[in-house]
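Scroll down for the structure; my scribbles are underneath it.
For the single chain, residues carry numbers from 1 onward in sequence order. In this text, all values refer to a predicted model and were calculated from it rather than measured experimentally.
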Amino acid sequence: MGNLINNMRRNQWRLFTLFIASLWLSACQPAADQSELKSNPNAPHAAKTALSSTTFDQPFSQEVYIWQRQWRPANQTALVQSQNAFQGLRILALQAHPKPNGADIWFEVAVNHVWLQADPRPKILVVRLDGQFTHLNDEEVIHKINQVLANWQAKGTHIVGVEIDHDSASSKLPAYREFLKKLKAHLPTQLKLSITALPAWLNSAEFPTLLATIDELVLQIHSVSDPRHGLFDAVKGWQWVEQLSRISTVPYLIALPAYGSAVISTASGYQVESETPLRHQRQSANAVEELMADPKILQTFIQKLQNPKDSKLKGIIWFRLPLEGDKRVWPLNTLIAVAQHGELAAKIELVISSDNNVTNQAQLTAENTVKSHTMPQSKLFQLSLINRGNIAGEPPTILSLAGHACSAYDAQNGYRVIQKDGLLTWQSQAETTAALTSIEAPRTNMMSVLQPNRETQKYMLNPNGQKVIGWARCESLYLQGIYAP
C-alpha cells in the first residue's frame with residue numbers, strides 16, 4: 001500500500017514538472033507581429049475579422065474648407081482648435097478671374113506652410129476657376145496648377161489630392177470634361193482629382209460622362225438661388241443628395257454652409273454679397289437682407305446624412321473654417337457643436353461696467369453690493385448685452401435694475417428706460433421698430449424686415465456679439481431681473 005502511494009506521488013510530480021516546462025517553452029516563443037497578422041492572408045480568423053471591421057466600418061468624414069485669401073494669426077488658432085472636430089482640410093491655393101480683354105487674373109494664396117505642416121490632417125489643394133469663364137485655356141490652367149503643386153512640394157507640404165472648383169454652365173460640361181481629362185493625365189498618379197458640382201448638373205445628360213474623368217465629387221447644396229429660401233433649403237438639399245446617389249459612379253461628399261451673405265435688392269434684381277463688399281450696388285439698393293445659415297437646421301440635416309444608404313457618400317465638407325473677426329460665418333464653437341451634435345443655445349447676459357471694471361450682473365444679488373462706510377460716490381455705469389452661447393438669440397425684452405441715488409440715465413439701440421419705485425427698467429422697442437421698418441422698407445434703403453421663417457439674424461444677437469443698451473449715473477446699480485421675449 002505504501003509503495004502504491006509513493007508511485008502515485010512520483011507520477012503526480014512528473015506531470016507537474018512537464019506542465020511547468022511547457023509553460024516555460026511557450027513563454028520563450030516570440031510574440032506574433034500584429035502588422036504581419038494584418039497583412040498576411042493566412043493569418044488567424046480573429047485577425048481577419050478585426051481587419052474586416054476596419055475596412056467596412058469607416059466613419060462618416062467631416063472636413064472643412066480654408067477659404068481665406070490672406071492668412072493671418074487667426075488661421076493658425078483655428079487650425080489648432082479644429083483638429084479634433086474635422087478630419088480633413090481643403091485649402092484654397094489658386095484662383096482665376098477672367099478679364100474682358102482676355103488676360104486672365106491669377107491669384108496664388110500665400111498660405112503658411114509651417115502651420116499646415118504642423119497639422120496632421122490630410123490636405124487637398126483647391127483651385128478656384130471663376131464661373132464667368134466663357135472658355136478655359138486648358139494649357140495655361142494646367143501649367144498654373146503644376147506651378148503651385150511644385151511650389152508646395154518644394155516647401156514640404158504634403159497633399160493627397162487636387163480639387164477644381166468651377167461653376168461651369170451645364171451647356172459647357174463637355175468642354176469641362178475634356179479639360180479634366182487633360183488635367184488628370186498631368187497630375188501625379190498618387191493625387192486624386194476632385195471637383196465641385198452644382199445641383200443643376202444632376203439633370204444634364206453630360207453629367208454621367210463627366211464622372212468618368214474624376215476620382216471624387218463634392219456636391220454644393222448651398223447658395224442663394226432664391227432669397228426667400230435663404231442660403232440653405234433642407235428639403236431641396238435632400239432631394240439633390242438622393243438624386244446624386246442614383247447617378248454617381250464615384251465617391252462623393254456634400255458641401256454645407258456655415259456662413260452668411262447679404263442679399264442686395266435693386267430695381268434690376270438682386271445680388272449676393274459674401275466676402276467682397278458690393279459698395280456700388282448698396283448705394284442703389286432698395287433693401288439689404290442679411291442671411292445666415294441656421295445651425296439647428298444644418299444639425300438636423302447632417303444627422304440625416306449620417307445614416308446613409310449609399311456607400312459612396314463619404315461625408316460632408318463645411319464651408320468655411322471660421323476665423324476670429326469674420327462676421328459672415330458661424331463662430332468656431334458653433335460649427336463644432338453642429339458637427340458633433342452638441343447643444344445649441346443662446347446665453348444672453350447683461351454686463352455692467354464702471355470705471356473700467358466689468359461685472360457680470362446676470363448672477364449678481366443684492367448681497368454683492370455692500371455699501372462702503374465712507375461717503376458713497378456717484379458712478380457712471382454702462383449696460384451691455386453679450387451672447388456667450390453658440391447660436392444667435394433674441395435680446396431680452398425687459399431688464400429690471402435696482403439703482404441707488406441715480407441722477408441720470410438713458411437707453412439706446414432699440415431700448416427705452418423707465419424709472420419707477422427705485423427701479424430702472426429697460427424695455428425693448430424691437431416690435432415697434434419692426435413694424436415701422438416693414439412699412440418704410442419699400443421706399444427707403446433701410447434693411448428690410450426678415451420674416452420669422454427666414455434664415456436671418458435681424459434683431460438677433462450673434463454668438464460673442466455685444467450690444468450697448470444704455471447707461472446710468474448712480475451710487476450703486478445691480479440687476480434684479482432679466483426677462484426673455
Notebook entry, point to check: Are any non-hydrogen side-chain atoms of Leu92 and Arg69 less than 4.5 angstrom apart?
Noted result: yes

Notebook entry, point to check: Where is the tightest heavy-atom contact between Asn464 and Pro331, given as atom of each residue plus distance?
Noted result: ND2-CB, 4.0 Å

Next item on the list: Using the side-chain contact (heavy atoms from CB on, under 4.5 Å) rule, pick out the option among Thr134, Leu129, Asp130 that qualifies with Gln132.
Entry: Asp130

Margin query: Could you walk me through whether Leu79 and Leu89 satisfy the side-chain contact (heavy atoms from CB on, under 4.5 Å) test, starting with their C-alpha distance in whole Å, then the side-chain angles of each, then the deciding distance to 0.1 Å, before giving a yes or no?
Written below: CA-CA 9 Å; Leu79 282 171; Leu89 303 174; 3.8 Å; yes

Item checked: Side chains of Leu217 and Leu210 in contact at under 4.5 Å (non-hydrogen atoms) -> no

Check: Sub-3.5 Å donor-acceptor pair from the side chain of Gln62 to the main-chain atoms of Phe86, do we have one?
Finding: no

Check: Any side-chain heavy-atom pair from Tyr252 and Ile247 closer than 4.5 angstrom?
Finding: no

Margin query: Is the shortest side-chain heavy-atom distance between Pro257 and Phe232 below 4.5 Å?
Written below: yes

Checklist line | Under 3.5 Å: donor-acceptor pair, side chain of Gln117, backbone of Lys155 | finding: yes

Notebook entry, point to check: Is the count of non-hydrogen atoms from other residues, nucleotides or ligands lying under 6.0 Å from Gln153 atom CD greater than 12?
Noted result: no

Next item on the list: Check for a donor-acceptor pair, side chain of Asn462 on one end and backbone N or O of Gly465 on the other, with a separation under 3.5 Å.
Entry: no

Check: Which distance, rounded to the nearest 0.5 Å, do you find between the CG of Leu149 and the CG of Leu191?
Finding: 6.5 Å

Notebook entry, point to check: What are the two closest heavy atoms between Leu180 and Thr213, and how far apart are they?
Noted result: CB-OG1, 3.7 Å

Next item on the list: Taking all heavy atoms of Val241 and all of Ile254, pick out the closest pair and write down the distance.
Entry: CG2-CD1, 3.8 Å

Checklist line | Trace of the side-chain contact (heavy atoms from CB on, under 4.5 Å) decision for Thr397 with Gln427 | finding: CA-CA 6 Å; Thr397 54; Gln427 295 181 345; over 6 Å; no

Note to self: Is it the case that the side chains of Gln83 and Arg121 hold a donor-acceptor pair, with the cut-off being a distance below 3.5 Å and no angle test?
What the structure shows: no

Next item on the list: With side-chain contact (heavy atoms from CB on, under 4.5 Å) as the test, would you mind laying out the steps for Ser194 and Arg90 before giving the verdict?
Entry: CA-CA 11 Å; Ser194 304; Arg90 308 225 170 188; 3.9 Å; yes

Margin query: Can you tell me how far apart CG (Leu332) and OG1 (Thr77) are? Round to the nearest 0.5 Å.
Written below: 10.0 Å

Notebook entry, point to check: Which atom pair, heavy atoms only, marks the closest approach of Pro295 to Thr334?
Noted result: CG-CG2, 3.9 Å

Checklist line | Aromatic ring pairing Trp201/Phe207, orientation class (parallel under 30°, perpendicular over 60°, tilted between) | finding: tilted

Check: Side chains of Asp138 and Leu183: does their closest heavy-atom pair fall under 4.5 Å?
Finding: no

Next item on the list: Answer yes if the side chains of Gln429 and Arg416 hold a donor-acceptor pair under 3.5 Å, and no otherwise.
Entry: no

Check: So, do Tyr259 and His222 have ring centers that fall under 6.0 Å from each other?
Finding: yes

Next item on the list: Decide, yes or no, whether a salt bridge links Lys312 with Asp310 under the criterion of side-chain N to carboxylate O below 4.0 Å.
Entry: yes

Check: Under 3.5 Å, is there a donor-acceptor pair linking the side chains of His143 and Gln147?
Finding: yes

Note to self: With a 4.0 Å cut-off on N to O distance, would you call Lys314 and Glu216 a salt bridge?
What the structure shows: yes

Checklist line | From His341 atom NE2 to Thr300 atom OG1, the distance as rounded to the nearest 0.5 Å | finding: 10.0 Å

Checklist line | Shortest non-hydrogen contact between Trp330 and Pro322, atoms and distance | finding: O-CB, 3.0 Å

Margin query: If I compare all heavy atoms of Leu305 with all of Phe60, which pair ends up nearest, and what's the gap?
Written below: O-CE1, 3.5 Å

Margin query: Using ring centroids (six-membered ring only for Trp), state whether Tyr65 and Trp318 fall under 6.0 Å.
Written below: no

Notebook entry, point to check: Does the side chain of Ser261 come under 3.5 Å of the side chain of Arg328 through a donor N or O and an acceptor N or O?
Noted result: no

Notebook entry, point to check: Under the 3.5 angstrom rule, does the side chain of Ser82 hit a backbone N or O of Ala78 as a donor-acceptor pair?
Noted result: yes

Next item on the list: Would you check, one step at a time, whether the test side-chain contact (heavy atoms from CB on, under 4.5 Å) holds for Ile398 with Trp426?
Entry: CA-CA 6 Å; Ile398 298 176; Trp426 269 259; over 6 Å; no

Check: Can you tell me if Asn387 uses its side chain to pair, donor with acceptor, with the backbone of Leu461 under 3.5 Å?
Finding: yes

Next item on the list: Check Ile195, Thr196, Val127 against Glu163 for a side-chain contact (heavy atoms from CB on, under 4.5 Å) and give me the one that passes.
Entry: Thr196

Next item on the list: Check for a donor-acceptor pair, side chain of Lys123 on one end and backbone N or O of Asp119 on the other, with a separation under 3.5 Å.
Entry: yes

Item checked: NZ/NE/NH1/NH2 to OD/OE distance under 4.0 Å, Lys144 and Asp104 -> no

Check: Is any side-chain heavy atom of Leu383 less than 4.5 Å from a side-chain heavy atom of Val468?
Finding: no

Check: Can a donor-acceptor pair be found between the side chains of Gln76 and Asn112 at a distance below 3.5 Å?
Finding: no

Notebook entry, point to check: Quick one: are Gln68 and Asn75 in side-chain contact, heavy atoms under 4.5 Å?
Noted result: yes

Check: How long is the gap from CD on Gln466 to CD1 on Ile386, to the nearest 0.5 Å?
Finding: 4.5 Å

Notebook entry, point to check: Between Asp326 and Arg320, is the closest basic N to carboxylate O distance under 4.0 Å?
Noted result: yes

Checklist line | Gap separating the CG atom of Leu198 from the OG atom of Ser204, nearest 0.5 angstrom | finding: 11.5 Å

Checklist line | More than 12 heavy atoms of other groups within 6.0 Å of Gln303 CD | finding: yes

Next item on the list: Step through the shown structure and confirm whether more than 12 heavy atoms of other residues, nucleotides or ligands are within 6.0 Å of CD on Glu324.
Entry: no

Check: So does Glu349 pair up with Lys467, basic N to acidic O under 4.0 Å?
Finding: no

Check: Under 6.0 Å from the NZ atom of Lys181, do we count more than 12 heavy atoms belonging to anything else shown?
Finding: no

Notebook entry, point to check: About how many Å separate OG of Ser428 and CD1 of Ile469, when rounded to the nearest 0.5 Å?
Noted result: 9.5 Å

